[in-house]
Participant: 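Mind having a look at this structure? Questions to follow.
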Amino acid sequence: MLRASAVKNAPTTIGTALEEKFSEDELRQVVALLESTAYAKYQQLSGEMQRALQTKHLSDTRSTV
């Protein structure tokens, strides 16, 4: 049910916002970024990087907090 609602409403919400805020050339650049292997690699690493930062942040601030 949630998926069906998202599929139904995405074109009129997300699509409209993208069309209003981006030129055609900018949208092509966004697509190129999303299809980039470097971006895919970055996305795969993002969770790991976030966890490492949180661990370091906790150890640095634990005594203060």
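By convention here, the first residue in the shown sequence is residue 1.
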Participant: Inspect the surroundings of CD in Q54 and state if more than 12 heavy atoms from other residues, nucleotides or ligands are less than 6.0 Å away.
Facilitator: yes
Participant: Taking atom CZ of R3 and atom CE of M1, what is their separation to the nearest 0.5 Å?
Facilitator: 14.5 Å
Participant: Check whether F22 and V31 end up in the same hydrophobic cluster, where Ile, Leu, Val, Met, Phe, Trp and Tyr are linked by side-chain heavy atoms less than 4.5 Å apart.
Facilitator: no
Participant: Strictly distance-based, threshold 3.5 Å: is any side-chain N or O of S5 a donor or acceptor partner for the main-chain N or O of L2?
Facilitator: no
Participant: May I ask you to test the L45-E48 pair for a side-chain heavy-atom distance under 4.5 Å?
Facilitator: yes
Participant: Any chance you could measure T13, atom OG1, to K8, atom NZ, to the nearest 0.5 Å?
Facilitator: 11.0 Å
Participant: Is a donor on one side and an acceptor on the other found under 3.5 Å between the side chain of E26 and the backbone of S23?
Facilitator: yes
Participant: Might you point out which heavy atoms bring L34 and Y39 nearest each other, and give the distance in Å?
Facilitator: CD2-CE2, 3.6 Å
Participant: As an exercise, state the distance from NZ of K41 to CD of Q44, rounded to the nearest 0.5 Å.
Facilitator: 9.0 Å
Participant: How many angstroms lie between atom NE2 of H57 and atom CG of D60, to the nearest 0.5 angstrom?
Facilitator: 8.0 Å
Participant: How long is the straight-line distance from CG of L53 back to NZ of K56, given to the nearest 0.5 Å?
Facilitator: 10.5 Å
Participant: Which value, rounded to the nearest 0.5 Å, describes the distance between Q43 atom CD and S36 atom OG?
Facilitator: 10.5 Å
